[in-house]
Amino acid sequence: MSTRCILIIDDEEDIREVTQLTLELEGGWQVLAASSGSEGVNLARFHHPDAILLDVMMPEMDGLMTAKVLQDFPDTQPIPVLLLTAKGAMEVMDKFQDLGITATISKPFDPLQLVPTIKQLLAWEE
């Protein structure tokens, strides 16, 4: 079994750190972290992670634009994207419906439930 690789794209440093530690310690996964949409797209194109956790509200290149750019590249298009959002899930899903978003995870989230939630949403059995 290979180690899963998750890319976190979030401009909030505290959220990135908590999420990264949780995924590494609880999931045993490799974690990449980006503080902006453009940095995240570059990391996704180079590393081809198994999934992307994408913040919706970011300066300059927000989650909507980042998801659109990820869909434009054939090498990042099939990567499952889970939105991290403090907004209402249904409101966000309407905007992202055509962008291949797999699901949303509401902020704040329980770090102890994050790994089981991701496994369930992505149907990862380990």
Fill in the blank from the handout: Heavy atoms of Ala34 and Leu43 approach each other most closely as CB-CD1, 3.9 Å
Practice task
Run the numbers on Leu32 and Ile6 for side chain to side chain contact (heavy atoms under 4.5 Å, CB included), then give the verdict.
Solution key: CA-CA 6 Å; Leu32 305 169; Ile6 307 285; over 6 Å; no
Completion exercise
Heavy-atom nearest pair, Ile9 first then Ser36, reads CG2-O, 3.4 Å
Problem - Ile8 with Leu25, same ILVMFWY side-chain cluster at under 4.5 Å - result: no
Exercise for the section: Take Thr117 and Phe109 through the side chain to side chain contact (heavy atoms under 4.5 Å, CB included) test and state the conclusion after the steps. Expected result: CA-CA 10 Å; Thr117 299; Phe109 55 82; over 6 Å; no
Handout entry: hydrophobic_cluster_shared for Leu23 and Val18, side chain cutoff 4.5 Å
Key = no
Handout entry: side chain to side chain contact (heavy atoms under 4.5 Å, CB included), paired with Leu7, selected from Leu53, Ile52, Val31, Leu54
Key = Ile52
Handout entry: Student check: side-chain heavy atoms of Leu82 and Leu121 closer than 4.5 Å
Key = yes
Problem - Heavy-atom pair of closest approach, residues Asp50 and Thr3 - result: OD2-O, 4.1 Å
Exercise for the section: Applying side chain to side chain contact (heavy atoms under 4.5 Å, CB included), run through Glu17 and Gln20 and close with a yes or a no. Expected result: CA-CA 5 Å; Glu17 288 179 2; Gln20 182 168 0; 5.8 Å; no
Practice task
For residues Leu114 and Ile105, determine if any side-chain heavy atom of one lies less than 4.5 Å from a side-chain heavy atom of the other.
Solution key: yes
Handout entry: Shortest non-hydrogen separation from His48 to Ile79 and the atoms involved
Key = CA-CD1, 4.2 Å
Problem - Whether Gln30 side chain and Cys5 backbone form a donor-acceptor pair below 3.5 Å - result: no
Exercise for the section: Taking Asp11 for its side chain and Ser35 for its backbone only, find out whether a donor-acceptor pair lies under 3.5 Å. Expected result: no
Exercise for the section: Decide side chain to side chain contact (heavy atoms under 4.5 Å, CB included) for Asp75 and Arg45; before the verdict, give the C-alpha distance in whole Å, the side-chain angles of both, and the deciding distance to 0.1 Å. Expected result: CA-CA 7 Å; Asp75 57 338; Arg45 296 204 67 207; 3.3 Å; yes
Handout entry: Any donor-acceptor pair under 3.5 Å from Arg4 side chain to Trp29 backbone
Key = no
Handout entry: Pairwise side-chain contact, Ile15 with Lys107, heavy-atom cut-off 4.5 Å (strictly under)
Key = yes
Fill in the blank from the handout: One should read off an interatomic distance between Asp10 CG and Asp55 CG, to the nearest 0.5 angstrom, of 4.0 Å
Problem - Enclosure of Gln120 CD (heavy-atom neighbours >12, cutoff 6.0 Å) - result: no
Report all side-chain donor-acceptor pairs from residues 61-70 shorter than 3.5 Å, counting only partners two or more places apart or in another chain.
from: Asp62; atom 1: OD1; to: Leu64; atom 2: N; distance (Å): 3.2
from: Asp62; atom 1: OD1; to: Met65; atom 2: N; distance (Å): 2.9
from: Thr66; atom 1: OG1; to: Asp62; atom 2: O; distance (Å): 2.8

Exercise for the section: Any chance you could measure Glu12, atom CD, to Thr19, atom OG1, to the nearest 0.5 Å? Expected result: 9.5 Å
Handout entry: Min side-chain heavy-atom separation Val81-Thr102 under 4.5 Å
Key = no
Problem - Nearest-0.5 Å distance, CD of residue Glu39 to CD of residue Glu60 - result: 11.5 Å
